[in-house]
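Below: one structure, written as structure tokens.
In this text, all values refer to a predicted model and were calculated from it rather than measured experimentally. FYI, side chains are in, hydrogens and waters are out, and symmetry mates aren't considered; it's all heavy atoms of this structure.
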Amino acid sequence: MSTTDKSGINEIIIQGITRAGKPFRPSDWVDRMCSTYASFGADRKLRYSPYLKPRVIEGVRCLAVDLKLRDTNPEFNQLMHFADENQLSVLDAEGNSIPVPDHH
């Protein structure tokens, strides 16, 4: 059984679109975020975090964030701060617009 937060959400989508409906720049922001959370494995190869997944939804570059990241990586707060500061749209797994999760 998967663990979910109090609201029952276990994944959110950060869209590459601002709340004002404008495309977010730079366009490679998803790749940059994935690189930021990558780490080197025992084989010395760079591995992306299993909690971050690049997606394209309806032609928009997005970043799917597994909320388990909140428990395993304190940098989750930085990611949520980034989304908030840049006024990026955040969706729940069903595609409903939600506020940026807590990032104190």
Side-chain angles (χ1 to χ4, degrees):
M1 190 164 143
S2 67
T3 56
T4 56
D5 73 2
K6 293 184 284 291
S7 62
I9 299 171
N10 58 10
E11 182 180 80
I12 60 170
I13 307 289
I14 302 173
Q15 290 186 301
I17 285 186
T18 65
R19 290 183 203 135
K22 300 204 181 320
F24 181 67
R25 299 281 180 251
S27 58
D28 67 346
W29 72 273
V30 171
D31 305 313
R32 292 180 186 203
M33 284 296 148
C34 288
S35 295
T36 298
Y37 287 83
S39 58
F40 285 96
D43 58 2
R44 298 190 192 156
K45 291 187 177 169
L46 197 60
R47 299 190 187 286
Y48 285 138
S49 168
Y51 303 115
L52 299 176
K53 294 187 176 62
R55 296 234 177 107
V56 176
I57 300 172
E58 295 178 7
V60 176
R61 296 208 63 194
C62 301
L63 183 62
V65 180
D66 187 320
L67 291 181
K68 289 186 196 120
L69 182 67
R70 184 169 27 201
D71 302 326
T72 63
N73 192 325
E75 291 173 343
F76 174 83
N77 291 337
Q78 292 173 334
L79 182 60
M80 293 305 107
H81 182 73
F82 171 84
D84 202 24
E85 281 283 298
N86 291 290
Q87 297 287 301
L88 296 177
S89 295
V90 178
L91 309 176
D92 64 16
E94 282 81 48
N96 302 307
S97 185
I98 60 168
V100 174
D102 273 346
H103 60 282
H104 302 292

Spacing of [atom1] belonging to [X] relative to [atom2] belonging to [Y], to within rounding of 0.5 Å:
X: Arg32; Y: Ser27; atom1: CZ; atom2: OG; answer: 8.5 Å
X: Gln78; Y: Glu85; atom1: CD; atom2: CD; answer: 12.0 Å
X: Leu88; Y: Leu79; atom1: CG; atom2: CG; answer: 9.5 Å
X: Met33; Y: Thr36; atom1: CE; atom2: OG1; answer: 5.5 Å
X: Glu11; Y: Leu69; atom1: CD; atom2: CG; answer: 11.5 Å
X: Gln87; Y: Ile17; atom1: CD; atom2: CD1; answer: 14.0 Å

Any idea which heavy atoms bring [X] and [Y] closest together, and the distance?
X: Met80; Y: Ile14; value: CE-CD1, 3.9 Å
X: Asp66; Y: Asn10; value: OD1-O, 3.5 Å
X: Asn86; Y: Thr18; value: O-CG2, 3.8 Å
X: Cys34; Y: Tyr48; value: O-CD2, 3.3 Å

Do Val60 and Trp29 land in one hydrophobic cluster if side-chain heavy atoms of ILVMFWY residues count as linked below 4.5 Å?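 The answer is no; the residues belong to distinct hydrophobic clusters.
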Do Asp28 side-chain atoms and Asp31 backbone N/O form a donor-acceptor pair below 3.5 Å?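 Absent.
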Does [X] reach the side chain of [Y], with side-chain heavy atoms less than 4.5 Å apart?
X: Thr72; Y: Tyr51; result: yes
X: Leu63; Y: Arg55; result: no
X: Phe24; Y: Gln15; result: no
X: Arg70; Y: Pro101; result: yes

ring-ring contact (aromatic ring centres under 6.0 Å, His included), that's the test. Do Phe76 and Tyr37 meet it? Break it down for me. CA-CA 10 Å; Phe76 174 83; Tyr37 287 83; 8.9 Å; no
